[in-house]
Amino acid sequence: MAQPSTARGRVAVIGAGPAGMATALSVHQAGHEVILLERYKQARPAGNILNLWPPPIKALALMGVDTDDLGSPCYTEFRSAAGKRRVRVDLPEEIIRDYGGGFIGLLRPDLYERLVDALPDGVLQVDRGVDSFEQDGDGVRLSMTDGSVEHVDVLVGADGIDSMVRRSLWGEKPKREHNLHIFGGFTFSENTGAQAGLCILSHSRTVQGAWTSIRSKGRSGFQWWVLEAHDASTEYSGNLYDDATKLAREFSSPLPELVAATDPNTVQRWPIRDRKPLKKWSSGRVTLVGDAAHPTSPYAAYGAGMATEDGYFLGRRLAGVDLTEQHAVEAALVAYETPRRPHTARQSQQAYFLGKMFHHSPAPLQILRDQILDRTPLLQKVVGESSPKEIIAQLNVIDTAEQSFRVATR
Ligand SMILES: Cc1cc2nc3c(=O)[nH]c(=O)nc-3n(C[C@H](O)[C@H](O)[C@H](O)COP(=O)(O)OP(=O)(O)OC[C@H]3O[C@@H](n4cnc5c(N)ncnc54)[C@H](O)[C@@H]3O)c2cc1C
């Protein structure tokens, strides 16, 4: 991608995760100079498994990322552990036509590779941690870990759940421990009986067991995860593969077979936590994107997706804005965050409550809960119908943003 000649400001983005890389791409397309500052020696994916809904895939393509065969599009269902269907996530025909299906299963390193490849030379600066920043009406001054200083017009905190930028703007608030942990892995074995093109999320009384098909570098495979309650104040000392195997036994085929076919050394575990939604993200010339703005539980399976969308929308909002003008910057940041806050808060709060309902219900209520989920359309209404609506709404918002962007960059 060539640097447009209309640059009207300098933007620093802290953190080369999905949010930071998307922001850098979109801001660059908007015609501004952008530096993406990552503390590690590379943009390194935290984890292996990932699914993306169509809106982030659409945003990635618009930002010049190669999305061809990036993942396996999957039709999604929620089921009981015994295999009874509780929810169908039905997307409209045209979305299935355009994206091959609903939920796209991929491996996280593949997304990082495609994002890094799309970044223009010199934008990503690795081994460049940021310690702190100060801002005034004229700009933002960054103090780097190596003692150097950067001056920019706008600062974007894409620095994840423990964001320094968020803390500096809005103070230290405690993490919300979900007291859950998740084990995940993937396999390219062809002998598991799993069917390509499906994403199946099942719940037993206390455990979630899920699998989805994936594509990775031209190969077809499957990823899986199992999730259960775990006291966050207790150190985990088990064996990842053995514990995942035990949890998967509660579920019908092919989940146990998928875990059995996985290389034990590739199984990973994450404690699940987030933070309550913020009332405001931006202050002056500084704003937040991704987990820095709205740390999201994997229960939503949308944290990286929303992070990508944030970056896309922020860049679009900064198109045509003179970043040396304090008021113009503030107005653009407000316009960026105003629709993003309620959308992202809905997803992360819903994820938090689903986690509570499935894994922290008192034992006597679990039977009643499962009867309701098996015999009434409650979950279909809460998840099966709301998800397609949100997806369609996001795709439409992207279309509108793109039209304005074309006008602003004409
Ligand atoms: C098990 C699991 C499964 C998940 N599954 C899904 C899924 O299926 N779909 C989905 O959409 N989401 C999923 N998520 C959520 C998703 O991973 C996160 O929401 C997403 O990674 C957030 O991206 P981000 O770019 O905001 O932050 P991060 O990915 O956390 O990136 C932050 C970056 O900032 C850098 N950084 C931090 N501080 C500094 C500093 N001071 N200076 C310089 N650099 C700094 C870090 O090194 C890092 O590279 C899952 C999460 C987990 C744990």
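Values below: all heavy atoms of this structure, side chains included; hydrogens, waters and symmetry mates excluded. First listed ligand is number 1; within each ligand, the first listed atom is number 1.
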Query raised in the report: Should Ala19 be counted as touching ligand 1, given the test is an N or O pair under 3.5 Å?
Result: yes
Query raised in the report: Non-hydrogen atoms of Gly184 versus ligand 1: any pair closer than 4.0 Å?
Result: no
Report summary line: Note: ligand 1 atoms sitting under 4.0 Å from heavy atoms of Leu37 are 43 (C), 44 (N)
Query raised in the report: Taking N or O atoms only and a 3.5 Å limit, does Met164 qualify as a polar contact for ligand 1?
Result: no
Query raised in the report: Are Arg108 and ligand 1 in contact, using a heavy-atom cut-off of under 4.0 Å?
Result: yes
**Report entry** Residue Gly290 vicinity, atoms of ligand 1 by number, heavy atom under 4.0 Å
**Finding:** 26 (O)
Report summary line: Looking only at protein heavy atoms, what sits closest to atom 13 (C) of ligand 1 is Leu50 CD1, 3.9 Å
Query raised in the report: For Glu38, is the nearest heavy atom under 4.0 Å from an atom of ligand 1?
Result: yes
Report task. Have a look at ligand 1 and work out which part of Tyr302, if any, has a heavy atom under 4.0 Å from it: side chain, backbone, both or neither. Result -> backbone
Requested in this report: Using a strict cut-off of 4.0 Å, indicate which atoms of ligand 1 neighbour a heavy atom of Tyr40.
Outcome: 47 (O)
Query raised in the report: Quick one: do Asp153 and Arg10 make a salt bridge, cutoff under 4.0 Å?
Result: no
Query - Contact (N/O only, under 3.5 Å) between Asp291 and ligand 1 - result: yes
Query - Heavy-atom nearest neighbour of atom 12 (N) of ligand 1 within options Ala293, Ser348, Ala304 - result: Ala304
Query raised in the report: Looking only at distance, does Ile161 have an N or O less than 3.5 Å from an N or O of ligand 1?
Result: no
Query raised in the report: When you check the gap from the basic side-chain N to the acidic O, do Asp243 and Lys246 get nearer than 4.0 Å?
Result: yes
Query - Where Leu278 and Ala293 come nearest, the two heavy atoms and their spacing - result: CD1-O, 4.1 Å
Report task. Provide the number and element of each atom of ligand 1 under 4.0 Å from a heavy atom of Ala158. Result -> 32 (C), 33 (C), 34 (O)
**Report entry** Closest contact, heavy atoms only, Leu258 versus Ala194
**Finding:** CD2-CB, 4.1 Å
Report summary line: re atom 52 (C) of ligand 1, the protein heavy-atom contact at minimum distance is Pro298 CG, 3.5 Å
Report summary line: Closest non-hydrogen contact found for Ala229 with His360 is CB-CE1, 3.7 Å
Requested in this report: Identify the protein heavy atom lying closest to atom 31 (O) of ligand 1, giving its residue, its atom name and the separation to 0.1 Å.
Outcome: Gly17 CA, 3.6 Å
Query raised in the report: So, for Phe251 and Val207, which heavy atoms are closest and what is the spacing to 0.1 Å?
Result: CZ-O, 3.3 Å
**Report entry** Check: Val130 N/O within less than 3.5 Å of ligand 1 N/O
**Finding:** yes
Query - Sole candidate of Glu228, Glu250, His203 that passes side chain to side chain donor-acceptor pair (under 3.5 Å) when paired with Gln208 - result: His203
Query raised in the report: If you count the atoms of ligand 1 from 1 in the order shown, which ones are under 4.0 Å from a heavy atom of Tyr112?
Result: 29 (O)
**Report entry** Exercise: identify the closest heavy-atom pair between Trp270 and Gly47
**Finding:** CZ2-CA, 3.6 Å
Query raised in the report: Please walk me through it: do Asp310 and His294 pass side chain to side chain contact (heavy atoms under 4.5 Å, CB included)?
Result: CA-CA 10 Å; Asp310 289 344; His294 46 77; 2.6 Å; yes
Query raised in the report: For ligand 1, which atoms have a heavy atom of Asn51 less than 4.0 angstrom away?
Result: 7 (C), 8 (O), 9 (N), 10 (C), 11 (O)
Query raised in the report: Does Arg128 reach ligand 1 with a nitrogen or oxygen that is under 3.5 Å from one of the ligand's nitrogen or oxygen atoms?
Result: no
Query raised in the report: Would Gly129 count as a contact of ligand 1 if the rule is a heavy atom under 4.0 Å away?
Result: yes
Query raised in the report: So does Glu330 pair up with Arg285, basic N to acidic O under 4.0 Å?
Result: no
Query raised in the report: Mind checking whether Ala307 has an N or O less than 3.5 Å away from an N or O of ligand 1?
Result: no
Requested in this report: Report yes or no: does Thr262 contribute a side-chain atom to a donor-acceptor pair with the main-chain N or O of Pro264 at less than 3.5 Å?
Outcome: no
Query raised in the report: So, for Gly64 and Gln29, which heavy atoms are closest and what is the spacing to 0.1 Å?
Result: N-NE2, 4.0 Å
Query raised in the report: When you check the gap from the basic side-chain N to the acidic O, do Arg8 and Asp322 get nearer than 4.0 Å?
Result: no
Query raised in the report: Under 4.0 Å from ligand 1, counting heavy atoms only, is it the side chain of Gln268, its backbone, both or neither?
Result: neither
Requested in this report: Salt-bridge test for Arg275 and Asp162: reply yes if a basic N is under 4.0 Å from a carboxylate O, no otherwise.
Outcome: yes
Requested in this report: State if Gly47 counts as touching ligand 1 under the rule of any non-hydrogen atom under 4.0 Å.
Outcome: no
Query - Non-hydrogen atom of Tyr299 closer than 4.0 Å to ligand 1 - result: no
